[in-house]
Amino acid sequence: MPELPEVETVRRTLAPILGARVTGVSAHRVALHMGRRIDPAALRRASAGAVVDRVDRWGKYLLWYFAGRDTGVLVHLGMTGRLRVVPPGAPRDPHTHAVWTLADGRTVRFSDPRRFGLVDVFGRGAERAHPSLAPLGIDALDGPLTGRALARLAAGSGQAIKALLLDQRKIAGIGNIYACEALWRARIAPALPARELDGERAGRLARAVRAALRAALDHGGTSLRDFVNAAGNPGSYRDHLRIYGRAGRRCPRRGCRGTIVRTAIQGRATFHCPTCQAT
DNA sequence: CTGGTGACCTGCGGGC
DNA sequence: TGCCCGCAGGTCACCA
């Protein structure tokens, strides 16, 4: 589900809880990604009784801040995670692992069937001390991800350019869909060794990354199956994807007669047009 | 150090 | 109808 545009869409649709007071937190000590368990007591210490004063995003991570607290709450949606604000009495999604109750009766609920997500606490002002945030590279949207920055990241690397785009330590926020979409926009083959990215291609790719993410954000993200924003609504960018999931179809680029193919890079489905993304 | 593979989970859609 | 298989937006441990 959630790459940068989806996570940013969740962040924006959490605006209705800014200024609200958390009156209670209930969570299960369920094992999420890599066996890391939710710590209900730590969540309660961080947020119970406090007013939500900000929600930020770093790459694909959401960070909640609470007025007067030196600890915040960190959320990653993994593949199937949802963070929703629901009215009192609303039916709960299956696999709901944490629930924050607000003073007016609304609740914020984290659900995640596959449990690849993360809910944890972090120190306010010490975000980089959290092991999940420490290694993150520049944000793909807030970067600045310039051609020069991209060229520097790619210098000397033999890995496929698509693998580099997916490496959160280099650039934070790009996932499988938008890596494919950005490379198509930039007319660059996903398997191109990163070191072969010259200055001109690097500039094109940096612009393409930003354009692909912006376009998706303008449509509230892509919902393939699970994604909904904090208000419970899916994104509509799936209808506008140019290349992802479209193997066998004609390349949508004006003037290109190529056919989209599906390959694998690092085990991930990869879509590109061999005609206009030849190198 | 680098880069590639598989594991972690649940659920869904397609083929038989 | 029902079963089995492959596949899914992500990350991380482990291997060569």
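Naming: A, B, ... by sequence-line order, numbering from 1 per chain.
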Inset, instruction - Find out if a path of hydrophobic residues (ILVMFWY) with successive side-chain heavy-atom gaps under 4.5 Å connects A:Leu32 to A:Leu74. - result: no

Legend entry - Spacing of A:Leu32 atom CG relative to C:dT11 atom P, expressed in whole Å: 14 Å

Legend entry - Members of residues 116-123 of chain A that approach DNA chain B, where some heavy atom sits under 4.0 Å away: A:Phe116

Inset, instruction - Indicate, with a heavy-atom threshold strictly under 4.0 Å, whether A:Ser223 touches base, sugar-phosphate, or nothing. - result: base

Legend entry - Watson-Crick or G-U pairs under 3.5 Å in DNA chain C, rendered as dot-bracket with [ ] for crossing pairs and | for another strand: .|||||||.|||||||

Legend entry - A:Ser157 side-chain N/O to B:dT2 phosphate OP1/OP2 under 4.0 Å: no

Legend entry - Plane angle bin for A:Tyr61 and A:His76 - parallel if under 30°, tilted between 30 and 60°, otherwise perpendicular: perpendicular

Inset, instruction - Among B:dG3, C:dA8, B:dT10, find the nucleotide with the atom closest to the side chain of A:His95. - result: B:dT10

Inset, instruction - Measure the distance from CZ on A:Arg225 to C1' on B:dG11 and round it to the nearest whole Å. - result: 7 Å

Inset, instruction - Let me know the distance between CG of A:Leu77 and C1' of C:dA8, rounded to the nearest Å. - result: 15 Å

Inset, instruction - Show the numbers, then the answer: is there a side-chain contact (heavy atoms from CB on, under 4.5 Å) between A:His95 and A:Arg114? - result: CA-CA 9 Å; A:His95 305 282; A:Arg114 288 179 75 182; over 6 Å; no

Inset, instruction - For the pair A:Thr9 (side chain) and A:Pro5 (backbone), establish whether a donor and an acceptor sit closer than 3.5 Å, ignoring hydrogens and angles. - result: yes

Inset, instruction - May I ask you to say what A:Arg115 touches in the nucleic acid, namely base, sugar-phosphate or nothing, with a heavy-atom cut-off under 4.0 Å? - result: sugar-phosphate

Inset, instruction - Return the value, rounded to whole Å, for the distance between atom NE2 of A:His33 and atom C1' of C:dC12. - result: 6 Å

Legend entry - Position toward the 5' end of DNA chain C (nearest nucleotide), A:Arg36 or A:Phe271: A:Phe271

Legend entry - Main-chain N/O of A:Tyr178 paired to A:Glu3 side chain as donor or acceptor, under 3.5 Å: yes

Inset, instruction - Calculate the interatomic distance between A:His130 atom NE2 and C:dT11 atom P; express it in whole Å. - result: 14 Å

Legend entry - Residues A:Arg57, A:Asp142: salt bridge by 4.0 Å N-O rule: yes

Inset, instruction - Indicate, with a heavy-atom threshold strictly under 4.0 Å, whether A:Ala163 touches base, sugar-phosphate, or nothing. - result: nothing

Could you write out each protein N or O paired with an N or O of nucleotides 14-16 of chain C at a distance under 3.5 Å?
none

Legend entry - Residue-phosphate contact under 4.0 Å: A:Arg262 side-chain N/O, C:dA8 OP1/OP2: yes

Inset, instruction - May I ask you to verify whether the side chain of A:Arg114 and the base of B:dC9 hold a donor-acceptor pair under 3.5 Å? - result: yes

Inset, instruction - Tell me which of A:Ile265 and A:Arg169 sits closer to the 5' end of DNA chain B, going by the nucleotide each one is nearest to. - result: A:Arg169

Legend entry - Nearest-Å distance once atom P is located in both B:dC12 and C:dT11: 23 Å

Legend entry - Side chain proximity check, A:Leu183 to A:Lys162, heavy atoms < 4.5 angstrom: yes

Legend entry - Lys/Arg N to Asp/Glu carboxylate O, A:Arg124 vs A:Asp53, below 4.0 Å: yes

Inset, instruction - Scan A:Gly158 against the nucleic acid and name what it touches under 4.0 Å (heavy atoms): base, sugar-phosphate only, or nothing. - result: sugar-phosphate

Legend entry - Spacing of A:Asp167 atom CG relative to C:dC12 atom P, expressed in whole Å: 11 Å

Inset, instruction - Measure from the side-chain N and O atoms of A:Thr23 to the backbone N and O of A:Thr101, and report whether any donor-acceptor pair falls under 3.5 Å. - result: yes

Inset, instruction - Give one of base, sugar-phosphate or nothing for A:Tyr237, where a contact means two heavy atoms less than 4.0 Å apart. - result: nothing

Inset, instruction - Among the candidates C:dT11, B:dG13, B:dG3, find the nucleotide nearest to the side-chain atoms of A:Arg268. - result: C:dT11

Inset, instruction - Please answer: with hydrophobic residues joined when any side-chain heavy atoms are less than 4.5 Å apart, are A:Val85 and A:Leu43 in the same cluster? - result: yes

Legend entry - Touch class at under 4.0 angstrom, heavy-atom based, for A:Gly267 against every strand present: nothing

Inset, instruction - Report the relative orientation of the aromatic rings in A:Tyr65 and A:Phe122; use parallel for angles under 30°, tilted for 30 to 60°, perpendicular for over 60°. - result: perpendicular

Inset, instruction - Respond yes when some side-chain nitrogen or oxygen of A:Gln168 is under 4.0 Å from OP1 or OP2 of C:dT11, and no when none is. - result: yes

Legend entry - A:Met34 CE - B:dG6 P separation (whole Å): 16 Å

Legend entry - For the student: nearest non-hydrogen atoms of A:Ile174 and A:Lys60, plus distance: O-NZ, 3.2 Å

Inset, instruction - Among B:dG13, C:dG10, B:dG4, find the nucleotide with the atom closest to the side chain of A:Gln266. - result: B:dG4

Inset, instruction - Check whether NZ of the Lys or CZ of the Arg A:Arg54 lies under 6.0 Å from the centre of the six-membered ring of A:Trp64 and within 45 degrees of that ring's axis. - result: no

Inset, instruction - Nearest whole angstrom, please: distance from the P of C:dC7 to the CD1 of A:Ile177. - result: 17 Å

